[in-house]
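Here is the structure we will look at, set down as structure tokens.
A note on names: the letters A, B, ... follow the listed sequences, proteins ahead of strands, and every chain is numbered from 1. Because the structure is predicted, anything quoted here is derived from the model rather than measured.
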There are 2 protein chains.
Amino acid sequence: MREPTFLVLAALADGAKHGYALIREVGAISAGRVTLRAGTLYAALDRLAGEGLVRQSGEEVVGGRLRRYYDLTDAGAEVLAAQAARLRENAAEADRRLLARRRTGTAPA
Amino acid sequence: MREPTFLVLAALADGAKHGYALIREVGAISAGRVTLRAGTLYAALDRLAGEGLVRQSGEEVVGGRLRRYYDLTDAGAEVLAAQAARLRENAAEADRRLLARRRTGTAPA
DNA sequence: TCAACATATACCGATGATCTGAGTATTACT
DNA sequence: AGTAATACTCAGATCATCGGTATATGTTGA
């Protein structure tokens, strides 16, 4: 799973959101590092819905504009948790090795 | 940056390695989750060398077989550290949101 | 006052980067 | 003869990115 997709799941983890809100939320939670494009978002939502990780959870009209909400399924929450654990492990492993590098001048082994 | 590329940098962080060793190392550091393919590896090495993150650091013949070594540049180490930090933050954010979800039944806001 | 622009919202298609799968080749050990 | 160790290539698939289209309302300056 790539970063934009991961961030979409993460953005949905604390409650249902509509597309436009997701775009803003992903920007916010990544501290501006990721600007989610509409094409990326809707393709990801389709894919994730197909995998049963996300589902549409209703529509609403606000100020004449339609809002279509999406939320995480339980399977989606599990996948997100597993993926987060994996990122944490990868990061930890990289840090461990970078430390070894610094300790030994530049390159052990 | 995707996971295989990240793991290649991580595998190089503690010292120069040759291609075949990298494939085994990436399998090991990801606890078997990632099986690096030769195509992925050599494409990644080319790309990373082009970006100045990795460089060839010599060749050696061992038991009649050539070993071509690669290692991380200082720029590569910096990029790896930055990327690791990013993964850590993304994972932390996801965990925070998953917690919020559990606290509130299934979906706040 | 009204045209112009910004903001909110949904969505599509072409392109491109990167990974995967499936190979070729060589030497040494069993 | 088969397997492990080693280097490498190429075609195809996946997914993200870029750059659109479309519509409605709110805001602003000539």
Side-chain angles (χ1 to χ4, degrees), chain A residues 1-12 16-28 30 32-51 53-71 79 83 86 90, chain B residues 1-12 16-28 30 32-51 53-71 79-80 83 86-87 90:
Chain A
M1 177 181 312
R2 308 210 214 168
E3 192 175 27
T5 302
F6 176 82
L7 292 173
V8 168
L9 290 182
L12 287 175
K17 295 193 180 48
H18 55 93
Y20 195 75
L22 280 171
I23 290 176
R24 276 177 297 133
E25 188 83 352
V26 164
S30 68
R33 287 185 304 266
V34 175
T35 302
L36 192 60
R37 298 321 176 90
T40 305
L41 171 64
Y42 292 107
L45 288 173
D46 271 7
R47 225 183 314 121
L48 294 170
E51 292 166 14
L53 306 186
V54 150
R55 71 170 161 247
Q56 278 197 35
S57 69
E59 303 182 343
E60 186 186 16
V61 176
V62 175
R65 292 167 223 112
L66 179 67
R67 282 180 177 172
R68 187 160 291 153
Y69 283 84
Y70 300 88
D71 76 355
V79 167
Q83 188 66 25
R86 181 167 177 155
N90 283 166
Chain B
M1 175 181 307
R2 309 235 282 225
E3 193 175 26
T5 302
F6 176 83
L7 292 173
V8 168
L9 291 182
L12 288 175
K17 296 193 178 49
H18 56 95
Y20 195 77
L22 280 170
I23 289 177
R24 278 177 296 133
E25 186 83 354
V26 164
S30 69
R33 286 185 306 266
V34 175
T35 302
L36 192 60
R37 300 320 179 90
T40 306
L41 172 63
Y42 292 106
L45 288 173
D46 271 7
R47 223 182 318 121
L48 293 169
E51 292 165 13
L53 306 186
V54 151
R55 72 173 160 247
Q56 277 196 35
S57 69
E59 303 182 345
E60 187 187 14
V61 176
V62 175
R65 292 167 224 113
L66 179 66
R67 285 180 177 176
R68 186 161 291 151
Y69 283 85
Y70 301 89
D71 77 352
V79 166
L80 176 60
Q83 188 66 25
R86 182 167 176 155
L87 296 186
N90 283 166

Would you please name every residue forming a side chain to side chain donor-acceptor pair (under 3.5 Å) with B/Arg33, sequence neighbours left out? A/Glu89
For B/Leu48 and C/dT18, give me the distance from atom CG to atom C1', rounded to whole Å. 11 Å
I need the B/Leu53 CG to B/Asp71 CG distance, nearest 0.5 Å. 12.0 Å
Protein-nucleotide distance (B/Leu7, atom CG; C/dT18, atom P), rounded to Å: 15 Å
Whole angstroms only, please: what is the CD1-P distance between A/Ile23 and D/dT17? 12 Å
What's the shortest heavy-atom distance between B/Ala44 and B/Thr5, and which atoms? CB-OG1, 4.4 Å
Is a side-chain donor or acceptor of B/Thr40 paired with a backbone partner of B/Leu36 at a separation under 3.5 angstrom? no
Rounded to whole Å, please give me the gap between CG in B/Leu36 and C1' in C/dC19. 10 Å
So what does B/Tyr70 hit on the nucleic acid, given a heavy-atom distance under 4.0 Å: a base, only sugar-phosphate, or nothing? sugar-phosphate
N/O (side chain, B/Tyr20) to phosphate O (OP1/OP2, D/dA5) under 4.0 Å: yes
Between the protein and nucleotides 12-17 of chain C, are there any N/O to N/O pairs under 3.5 Å, and if so, what are the atom names and distances?
residue, atom, partner, partner atom, Å
C/dC12, N4, A/Gly39, N, 3.1

Tell me whether the OP1 or OP2 atom of C/dC19 has a side-chain N or O from B/Thr5 closer than 4.0 Å. yes
Sequence neighbours left out, what passes side chain to side chain donor-acceptor pair (under 3.5 Å) with B/Arg24? Give chain and number order. none
Flag the pair A/Leu9 / A/Met1 as yes when at least one side-chain heavy-atom distance between them is below 4.5 Å, and no otherwise. yes
Nearest-Å distance for atom pair CD/C1', residues B/Glu59 and D/dT6: 12 Å
Contacts of type side chain to side chain donor-acceptor pair (under 3.5 Å), residue B/Gln83, not counting sequence neighbours: none
Can you tell me how far CG of B/Leu48 sits from CZ of B/Arg55, rounded to the nearest 0.5 angstrom? 13.5 Å
Under the salt bridge (charged side-chain N to carboxylate O under 4.0 Å, His left out) rule, collect the residues that match up with A/Arg67, sequence neighbours excluded. none
Just to be sure I understand the rule, does B/Tyr69 reach a base, reach only the sugar-phosphate, or reach nothing, if contact means heavy atoms closer than 4.0 Å? nothing
Table of protein N/O atoms under 3.5 Å from nucleotides 21-27 of chain D N/O atoms:
residue, atom, partner, partner atom, Å
D/dT25, O4', A/Arg65, NH2, 3.2

